[in-house]
Amino acid sequence: MSPDPSPLHHPALLFTLVFLAALVLSVLTRLWLSVRQSRHVARHRHAVPAPFADRIPLSAHQRAADYTVARVRLGIIETLLGAAVLLGFTVLGGIEALAALARAALPDSPFGRQLLLVGAVALVAALLDLPLSWYRQFGLEKRFGFNRMTPSLFLADLAKGTVLAVALGLPLLAAVLALMDRAGPWWWLWAWLVWVGFNGVVLLLYPTVIAPLFNRFVPLEPGPVRERVERLLARCGFGSKGLFVMDGSRRSAHGNAYFTGFGRSKRIVFFDTLLSRLSPDEIEAVLAHELGHFRHRHILQRVLTSFAVSLAGLALLGWLSRQPWFYQGLGAAPQPGDLPGAYALLLFFLALPVFTFMLQPLGSWISRRHEFEADAFAAHQSSADHLGRALVKLYEDNAATLTPDPVHSAFYDSHPPASIRLARLAGAGGAPRASPA
Ligand SMILES: [Zn+2]
């Protein structure tokens, strides 16, 4: 038999080519979007857009433009580095090299070797990422006045994050690998149930156990803000237990408010940076927006969607993990005596984002639709005018650009562009309040 030169007859080679093509396509798309965004923002740097002209000074607009361009540049480096690391782990043999080390370290324990291999890949990836996250905090964020972190706090966060990742991640990993090894062809269904249960436990523990490891939470003090907030909660039919202020200012000058937990552990958390910057009217409007997400069940929808997507993903992994070309094509085939589970998990979760990147605009579009719904809820229950004023302050404080490239925005942005969002709110300005305040 003569050798067949066509890759179509070699599934592993064909898969390598498909993977490389998808990687090149996603990297080029990212770079193209970055260039568009930089150019668009730079072109509109000289003047504040008309709807904001009387509310945002030119200096703040230009700072936002410079911050946006600086972040895009860092993003380009991250894209290129990420692609290089991915190639290094897969087709260039990084996982195989780490697997050889694991084999030498634990020759008699195929199961323990799997844990060691996943741990080694995670460690190498984290070490490669460390210089960039250090630069992001102490280079970029510091240059624009957002960083409030000290290097010792950064390192303490890193240590706590690592301990937490091992404490939560290692039992999960061991359970999934054991199922892959012993539970037969339907292992992925059991793994999905474990994943859903794990998420439930984390959601339950997050507000009361995990978040307090990193921040201090104090109940919102009595006063004009608390009064406004409690009246809003009462008129929207929410209990007012669990109002907390978080010391976000320890790390960053960016402000925020969020909901967390479910059932009895439900909390509403305000960053201290948000409270110090907005008036009670504006805080009420921002909270009304968050309540809108809750009332429209956006949070529940997001959780259920993620469970459905993870079920589909695990079913796909269940099938891929039985295909020899999947391992060979990505450059990390298990050796005799190895269990394949760790290889399958690593290759799947490393390669998957390359293939799902083009779905990003869909997720962004759904998220932006939710934002409009939450804004409409806030306009009705609080005030469109107050929310608009709060947003303008937050755009200015966060140096968020008012002039994003429309294509970049459609692709990535979870929130609608400032001008469209404000225009919609202005249109809703005449809506009556649910009750006088
Ligand atoms: Zn929102």
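Indexing begins at 1, ligand by ligand and atom by atom, following the structure's order. We use all heavy atoms of the structure for the numbers below, so side chains are in, but hydrogens, waters and symmetry mates are not.
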Would you mind telling me which of Arg424, Arg421, Arg369 makes a salt bridge (Lys or Arg N to Asp or Glu O under 4.0 Å) with Asp375? Arg421

Which N, O or S atom of Glu371 lies nearest to the Zn ion (ligand 1), by name: OE1

Can you tell me if an N/O/S atom from His370 lies under 2.8 Å from the Zn ion (ligand 1)? no

Do any N or O atoms from the side chain of Thr273 and from the backbone of Ala253 form a donor-acceptor pair under 3.5 angstrom? no

With the Zn ion (ligand 1) as the reference point, give the N/O/S atom of His293 that is nearest. NE2

Are Arg250 and Asp272 close enough for a salt bridge, meaning some N to O gap below 4.0 Å? no

Taking only residues two or more places apart in sequence, or in another chain, which ones meet Leu177 in a side chain to side chain contact (heavy atoms under 4.5 Å, CB included)? Phe111, Gln114, Leu115, Leu173, Met180, Ala342, Leu345

